[in-house]
2 protein chains.
Amino acid sequence: MSTQTAAQRRVEAKTSYNAFMEGCPSRQLLDRISDKWVALILAALGSDGPHRPGVDHDYGPRSMRFSELSRRLAGASQKMLTQTLRSLEVDGLITRTVTPTVPVTVTYELTDLGLSLNRVMAELKGWAESHMGEVLAHREAHHRVAAED
Amino acid sequence: MSTQTAAQRRVEAKTSYNAFMEGCPSRQLLDRISDKWVALILAALGSDGPHRPGVDHDYGPRSMRFSELSRRLAGASQKMLTQTLRSLEVDGLITRTVTPTVPVTVTYELTDLGLSLNRVMAELKGWAESHMGEVLAHREAHHRVAAED
DNA sequence: CAGGATCCCGCTAGATACTG
DNA sequence: CAGTATCTAGCGGGATCCTG
């Protein structure tokens, strides 16, 4: 009963480890914000930009229509946009408001929770802007060494 | 000359958008830390845990051998471990030291850059621990609504 | 001990087409 | 306008085998 114990123990360890990973709050947060469009959507809703022609006094979290988001996040398919917005709504990070006008109007807005997350994202952005240059420099240096090898 | 202009403009917008994304420091950082094992490795090297049987006075960034990392990150294949460690080294976040003993000895340690990144990760961890509960609560609530629909 | 080289699979982003 | 549905290709990541 000891021939396969080694392999079994590995599997067991892996299983419990995966369970730990999935339950880890940090991991869950990383999975959430590393989503390709999440950061962009949050940033867009956050207070990012000055533009809605004719309106320049909108500070703080803004509500935006689907089409406006779609325009600002050019490059995102409607599918991904919708999908990401849904998941953010489910997670309580944004609100979705449907106004039954003739062609229906849907607006999205950050919740307080979403706003607080935005602040964390800002920290990340700060580190990125001040240190990613170093990272890229290291990367290039190593590539040069590899090239002349 | 206007029949395909619409489609063309979409493609163009998408291209420039992707270029922007790839060049964006925040995006690059997110891509880096959202890597499945990066956060874990950084945390492990960071100062995480009290355990190397017999040694309890190791504070600050510790250097760890490949095998020790492998043990602490049970669940990670050697391939992913090696691959991730390499990329972190290339990015200047950790150092890799080879000591030509009989069976070769390799140790990894955080650089100052890696340490500073760790602090940002700690912020993330903080938010996660204090707010992910709310997120999960929202998620469950929505699922219940969906269930009785 | 610490990795390199391969093969393979599941997941998901994206394109396309359709709808209330 | 704001989605939904489906299909596919690409890639991250794991298992396995081999080496200095």
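Letters go in sequence order (proteins before strands), and every chain restarts at 1.
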(message) Can you tell me if Trp37(A) touches the phosphate of dT12(C), counting only side-chain N or O atoms and a distance under 4.0 Å to OP1 or OP2?
(response) no
(message) Any side-chain N or O of Lys14(A) below 4.0 angstrom from OP1/OP2 of dG14(D)?
(response) no
(message) Between the base of dG14(D) and the side chain of Lys79(B), is there a donor and acceptor pair under 3.5 angstrom?
(response) yes
(request) Tell me which of Ser34(B) and Val104(A) sits closer to the 5' end of DNA chain D, going by the nucleotide each one is nearest to. (result) Val104(A)
(request) Could you work out which one of dG4(C), dG13(D), dT16(D) sits closest to the side chain of Thr82(B)? (result) dG4(C)
(message) How many whole angstroms separate atom NZ of Lys36(A) from atom P of dG12(D)?
(response) 12 Å
(message) Taking only side-chain N and O atoms of Tyr108(A), does any of them lie within less than 4.0 angstrom of OP1 or OP2 on dG3(D)?
(response) yes
(request) Name the nucleic acid region contacted by Gln83(A), choosing base, sugar-phosphate or nothing; use a 4.0 angstrom heavy-atom cut-off, strictly under. (result) sugar-phosphate
(request) Can you label the angle between the Tyr17(B) ring and the Trp37(A) ring as parallel, tilted or perpendicular, going by 30° and 60°? (result) parallel
(message) If the test is side-chain hydrogen bond (donor to acceptor under 3.5 Å, both in side chains), which one of Arg139(A), His138(A), His142(A) qualifies with Asp91(B)?
(response) Arg139(A)
(request) Give a yes/no answer on whether the side chain of Ser70(A) brings an N or O atom under 4.0 Å of OP1 or OP2 in dA2(D). (result) no
(message) Looking at dG3(C), I'd like to know if its phosphate oxygens (OP1 or OP2) sit under 4.0 Å from a side-chain N or O belonging to Arg96(B).
(response) yes
(message) Does dA2(C) have its OP1 or OP2 closer than 4.0 Å to a side-chain nitrogen or oxygen of Arg86(B)?
(response) no
